Amino acid sequence: MRRSSHDRRHGLDPATRFLLLHRESNAKAQRSMSDQTLYTAFAAKVESALSQLVAEGALPAGTSFANVTLEPPRDPSHGDLATNAAMVLAKAAKTKPRDLAKKIAAKLEAEDDIASAEVAGPGFINLRLDPAAWLGELKTIDALGDEYGRSTIGSGTAVNVEYVSANPTGPMHMGHCRGAVVGDALANVLEFAGHDVVREYYINDAGGQVDTLARSAHLRYREALGENIGAMPEGLYPGDYLVPVGEALARELGDRFKDAPEAEWLPVFRAEGVARMMDLIKSDLALLGIEHDTFASEAALHAAGKPDAAEAWLREHDFVYDGVLEPPKGKAPPEDWEPVKLPLFRSTKFGDDQDRPIKKSDGSWTYFGADLAYHMQKAENADELIDIWGADHAGTVKRIKAAVAALSEGKGKPVPFDVKLIQMVQLMRDGEPVKMSKRSGNFITIADMVEEVGKDVVRFTMLTRKPEAQMEFDFAKVVEASKDNPVWYVQYAHARICSTLRKAAEEGLEPSDAALDQLGEEEIVLIRRAAQFPREIEAAAKAREPHRIAFYLYDLATDLNAFYSLGNTRTEKRFIVAHEREVSQARLFLARAIGQVLRAGLRVLGVEAVERM
RNA sequence: GUCCCCGUAGCUCAGGUGGAUAGAGCGUCGGAUUCCUAAUCCGAAGGCCACAGGUUCGAGUCCUGUCGGGGACACCA
């Protein structure tokens, strides 16, 4: 679902509020449907068995079932589902796990749809389901369509995901890419899991780097007016992307700022520069399929007096005091180091190694001082906050978490706050690292990457590694058409399904659930995998790890291709079997459902499900 | 010196918040295609889960320490 972007400064505007409410009601409408999935149904059966044991006195009243899980065993030969209930509850029951397991298994075996319940190993209970249960799940997938997998675990919780937040001083480059994709996919996952999600971008338009931008733009402006500016001076932004900005400003403003004193033009060029850089960044993000709901401006934050309000509150509660900053702990302290008295935030109370200044000695706010106020603002409008940061900012996590904890707990509304650190990506070409020099203005932009390999490849590849691990991005490998390339492999599986359905349609065969009982064990393997999709979504949402969906889709594609290949040697196992109308239609029904799950998963990742390759 | 992330097959990486015999791809070796997309599939070999302790019924997973790789340590942003 794409929403139009709102360039608002802070707080929730009415349009956003409406969207949130609207989405919430959608989520509620979905609830009854998603609760019908196979896993939730059988989890309910397990819980009911346990409740019976409580009623019979085998388990003490009030026993918590919170740690009881029901999941597919790693080894499929153990059965369809396994529960650890007996091991988790043995202590409470004051019996051995296996003895308790026998009691639970006896209850479960009495259930419809459970063919057998066996006690195994240290006390696992392995369930074998009646095939009809899986066939029923297949129908559920078909009935729910693109909504299959949507969860309600997040309903009622509004999550603000802040990602990208690149400085508005130039186009987006590689360094921003991974965080942008991971943040966006995470927002999608959370939304699919039922959360109300706001995708936010923090514009750092108040710091010194914006003055640098303004000066650089002014020079390009003079250049556009015919002046020979020579090489860009050290300390200004040399990139060509400011050339058109200078030209546009020359057209729009004429030459009245050409020889004016800096104080006169600086504010104008700051504002113009930031606005144009944000346009550039938004168009870069659009190339990746990313659109934020909210753009929060640091300058607006200052204008609204938010940092002052935060400081006042923190001082009142003794989280901020005037103190002398310790010298930097690095090996070589700066030569011009002087002890200065500054307003410090007591981040040491929260595990930081030193208290951090919120204001500089000239009285202006530090980045941290403003950021603290910014997070306070976000916390007012959300139940949970997530920031996606580059790993190079790891050193500042403790202080900002400390600040959010102090503010939100102090104000009586603790807001869970998670900072996801995204490790660097090493670009590779022909096995060699791609060198980038930011100083010369030569760096690989996101636009370059998308143009070279495509949005889908960039997005999917960025999600094939857990974000806290460093990764390489090899231009040659990511466009390879083979099983070694997960993007291609998953899309291939989807295209194969589409191709099969097209072929069938030409022969007058449509998917049908009229004879699903003709599907055998090989097909049920596929259904089992597909049935895990809702669980994968929930797990990915809980862990805030969208990459799990990418790996899941790869597994599902593997199962699909494996089944497809069965037909090479066993023609009776093809999707389309000559003169076997009923079984063909049942298999086509299966194929369509698998395609649907692949599509839903890819949509969450923001990757297109292609129909032909 | 302090802090953060990582260390799993020859290589690149998963491992569902503590579960059963450790999982994939590439590479190596051996097989499968008159046929719905073989750009695919099946099988085999390959492991002190960096190391040492600890926590408990049970640890690749949690805790402590050591080693190795990466990153950060300004009143910058």
Side-chain angles (χ1 to χ4, degrees), chain A residues 67 69 71-75 78 82 84 87-88 90-91 96-97 120-124 126 167 169 204 206-210 325 327-331 333-334 337 340 342 351-354 356-362 364-369 371 390-398 421 423-424 464-466 468-472 474 477 480-486 488-489 492-493 495-504 507 532 535-536 538-540 542-543 545 547-548 551-552 554-555 558 561-569 571 574-578 584 587-588 591 612-613:
Chain A
N67 293 326
T69 60
E71 46 193 22
R74 211 172 277 174
D75 183 346
H78 288 144
N84 64 353
M87 293 182 288
V88 175
K91 252 181 204 166
K96 290 176 189 163
F124 285 101
N126 292 329
N167 280 341
T169 54
N204 297 128
Q209 82 281 2
V210 185
L325 196 63
K329 293 245 170 33
K331 280 170 189 165
W337 172 259
V340 182
L342 293 169
D352 205 354
D353 6 331
Q354 60 175 269
R356 305 289 174 175
I358 60 170
K359 274 183 179 174
K360 307 179 204 170
S361 49
D362 67 0
S364 64
W365 294 97
T366 61
Y367 184 84
F368 172 60
D371 206 25
D392 51 344
H393 288 71
T396 64
V397 171
K398 273 186 182 170
L421 293 175
Q423 290 290 334
M424 307 237 218
T464 52
R465 197 127 313 172
K466 55 185 172 189
E468 65 269 27
Q470 290 152 242
M471 79 178 293
E472 288 182 1
D474 191 313
K477 272 201 169 164
E480 197 175 288
S482 78
K483 190 169 186 181
D484 194 21
N485 180 358
W488 182 87
Y489 188 72
Y492 177 70
R496 250 188 169 175
I497 289 170
C498 292
S499 153
T500 302
L501 291 171
R502 279 195 301 268
K503 173 90 176 174
E507 298 177 16
Q532 284 188 54
R535 303 178 70 249
E536 295 286 346
E538 293 183 357
K542 279 186 200 160
E545 290 179 349
H547 73 277
R548 290 187 191 189
F551 283 95
Y552 167 75
Y554 185 81
D555 288 341
T558 299
N561 282 327
F563 179 76
Y564 189 99
S565 296
L566 262 189
N568 285 335
T569 45
T571 51
R574 288 185 198 162
F575 281 107
I576 303 167
V577 186
S584 295
R587 293 224 179 97
L588 291 168
R612 287 172 203 272
M613 293 180 78

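Predicted model, so just to flag it, every value in this text is computed and none were measured. Protein chains get the first letters and strands the later ones, always in sequence-line order, with residue 1 at the start of each.
- Among the atoms of the strands shown, base atoms are found under 4.0 Å from some heavy atom of A/I576.
- Contacts of A/N126 with the nucleic acid, taken as non-hydrogen atoms under 4.0 Å apart, include base atoms.
- At B/A72, none of the side-chain N or O atoms of A/K398 fall inside 4.0 Å of OP1 or OP2 (strictly under the cut-off).
- Look at A/T500 and you won't find any side-chain N or O under 4.0 angstrom from OP1 or OP2 of B/C36.
- Between the side chains of A/Y492 and A/N561, no donor-acceptor pair of N or O atoms lies under 3.5 Å.
- For A/P122, taking side-chain heavy atoms from C-beta onward, the closest of the listed nucleotides B/A14, B/G19, B/A32 is B/G19.
- Nucleotides B/G23 and B/G19, compared at atom P, are 13 Å apart to the nearest Å.
- Taking atom NZ of A/K466 as the reference point, atom C1' of B/G60 lies 10 Å away to the nearest angstrom.
- In this structure, A/Y554 forms no aromatic stack with the base of B/A24, since the conditions of centre separation below 5.5 Å and plane angle below 30° are not both met.
- Close to B/C26, at under 4.0 Å from its OP1 or OP2, lies no side-chain N or O of A/Y489.
- Panel note: side chain A/T558, backbone A/Y554; a donor-acceptor pair is recorded below 3.5 Å.
- Nearest nucleotide to the side chain of A/T396, out of B/U40, B/A14, B/A77: B/A77.
- A donor and an acceptor atom never sit less than 3.5 Å apart when one is taken from the side chain of A/Q423 and the other from the base of B/G71.
- Across all strands, A/K477 comes closer than 4.0 Å to no nucleic acid atom at all (heavy-atom distances).
- The aromatic rings of A/F575 and A/Y564 sit tilted, their planes meeting at an angle between 30° and 60°.
- In this structure, A/M471 atom CE and B/C6 atom P are separated by 16 Å, rounded to whole Å.
- When the C1' atom is used for both B/U17 and B/G31, the distance is 42 Å, rounded to whole Å.
- The CZ-C1' distance, from A/R535 to B/G15, rounds to 14 Å in whole Å.
- Here the side chain of A/R587 pairs a donor or acceptor atom with the backbone of A/R574 at under 3.5 angstrom.
- Nucleotide B/U17 has no partner under the Watson-Crick or G-U criteria, as no pair reaches both atom distances under 3.5 Å.
- Checking B/C41, B/A77, B/C75 against the side-chain heavy atoms of A/S361 singles out B/C75 as nearest.
- Closest to the side chain of A/A469, from the set B/A77, B/A14, B/C3, is B/A14.
- Rounded to a whole Å, the NZ atom of A/K503 is 6 Å from the P atom of B/U37.
- Which of B/G71, B/C41, B/U37 sits closest to the side chain of A/M424 comes down to B/G71.
- Distances from the side chain of A/P357 to the nucleotides B/G19, B/C75, B/C13 place B/C75 closest.
- Taking the P atoms as reference points, B/C41 lies 8 Å from B/C26, given to the whole Å.
- Contact annotation for A/A90: no contact, since no heavy-atom pair falls under 4.0 Å across all strands.
- Spacing of C1' atoms, B/G27 relative to B/U64, comes out at 39 Å, to the nearest Å.
- When rounded to the nearest whole Å, the span between CZ of A/F575 and P of B/U37 equals 11 Å.
- Judged by Watson-Crick or G-U wobble contacts below 3.5 Å, the nucleotide B/U37 has no partner.
- Counting only distance, with no hydrogens or angles, the side chain of A/N204 and the backbone of A/N167 share no donor-acceptor pair below 3.5 Å.
- Residue contacts for A/K542: at a heavy-atom cut-off of 4.0 Å it reaches a base atom on one of the strands shown.
- A/T366 contributes no side-chain N or O that forms a donor-acceptor pair with the base of B/C75 under 3.5 Å.
- Across all strands, A/Q532 comes closer than 4.0 Å to base atoms (heavy-atom distances).
- Contacts of A/G208 with the nucleic acid, taken as non-hydrogen atoms under 4.0 Å apart, involve only primed sugar atoms and P, OP1 or OP2.
- Residue-nucleotide stacking is present for A/H78 and B/A20, judged by a side-chain ring centre under 5.5 Å from the six-membered base ring centre and planes under 30° apart.
- Across the C1' atoms, B/C51 and B/G68 are found 11 Å apart, a figure rounded to whole Å.
- Using a distance-only test at 3.5 Å, with no hydrogens or angles considered, a donor-acceptor pair links the side chain of A/N485 to the main chain of A/E480.
- Between the CD atom of A/E545 and the P atom of B/U61 there is a distance of 17 Å, given to the nearest Å.
- Comparing B/A38, B/G19, B/C57 by their closest approach to the side chain of A/R74 singles out B/G19.
- Counting non-hydrogen atoms under 4.0 angstrom, A/R612 reaches a base of the nucleic acid.
- With both ends at atom C1', the span from B/A52 to B/G15 equals 24 Å, rounded to whole Å.
- The partner of B/A44 is B/U28, by the rule that a Watson-Crick or G-U pair needs both atom distances under 3.5 Å.
- Across all strands shown, A/A539 has heavy atoms under 4.0 Å from sugar-phosphate atoms exclusively, and none from any base.
- In this structure, A/Y492 atom OH and B/G25 atom C1' are separated by 17 Å, rounded to whole Å.
- Nucleotide B/G7: paired with B/C67 (Watson-Crick or G-U wobble, both distances less than 3.5 Å).
- For B/C73, the paired nucleotide is B/G1, the pair qualifying as Watson-Crick or G-U wobble because both relevant distances are below 3.5 Å.
- Where A/M613 and A/A394 each meet RNA chain B at their nearest nucleotide, the meeting point lying more 5' is that of A/A394.
- Among the atoms of the strands shown, base atoms are found under 4.0 Å from some heavy atom of A/A543.
- Of all nucleotides present, none satisfies the Watson-Crick or G-U wobble test against B/G60 with each distance under 3.5 Å.
- Using a 4.5 Å heavy-atom cutoff, the side chains of A/Q423 and A/R465 are not in contact.
- Here the nucleotide nearest the side chain of A/D484, chosen from B/C36, B/G25, B/A20, is B/G25.
- Across all strands shown, A/A495 has heavy atoms under 4.0 Å from base atoms, whether or not it also approaches the sugar-phosphate.
- When the nucleotides B/C13, B/A38, B/A20 are ranked by their closest atom to the side chain of A/R496, B/A38 comes out on top.
- Between the side-chain ring of A/H393 and the base of B/G71, no stacking contact exists by the 5.5 Å and 30° definition.
- Under a 3.5 Å cut-off, the side chain of A/S584 and the backbone N or O of A/V577 do form a donor-acceptor pair.
- How far CD of A/E468 is from NE2 of A/H547: 7.0 Å, rounded to the nearest 0.5 Å.
- Rounded to whole Å, the separation between the C1' atoms of B/A9 and B/U28 comes to 12 Å.
- Taking the C1' atoms as reference points, B/A24 lies 24 Å from B/C5, given to the whole Å.
- A straight line from CG of A/D392 to P of B/A74 spans 14 Å, rounded to a whole angstrom.
- Of the candidate nucleotides B/C75, B/G71, B/G19, B/G19 has the atom nearest to the side chain of A/N84.
- Judged purely by distance below 3.5 Å, without hydrogens or angles, the side chains of A/D362 and A/S364 pair a donor atom with an acceptor atom.
- If you find the closest nucleotide of RNA chain B to A/N561 and to A/R356, the one lying nearer the 5' end belongs to A/N561.
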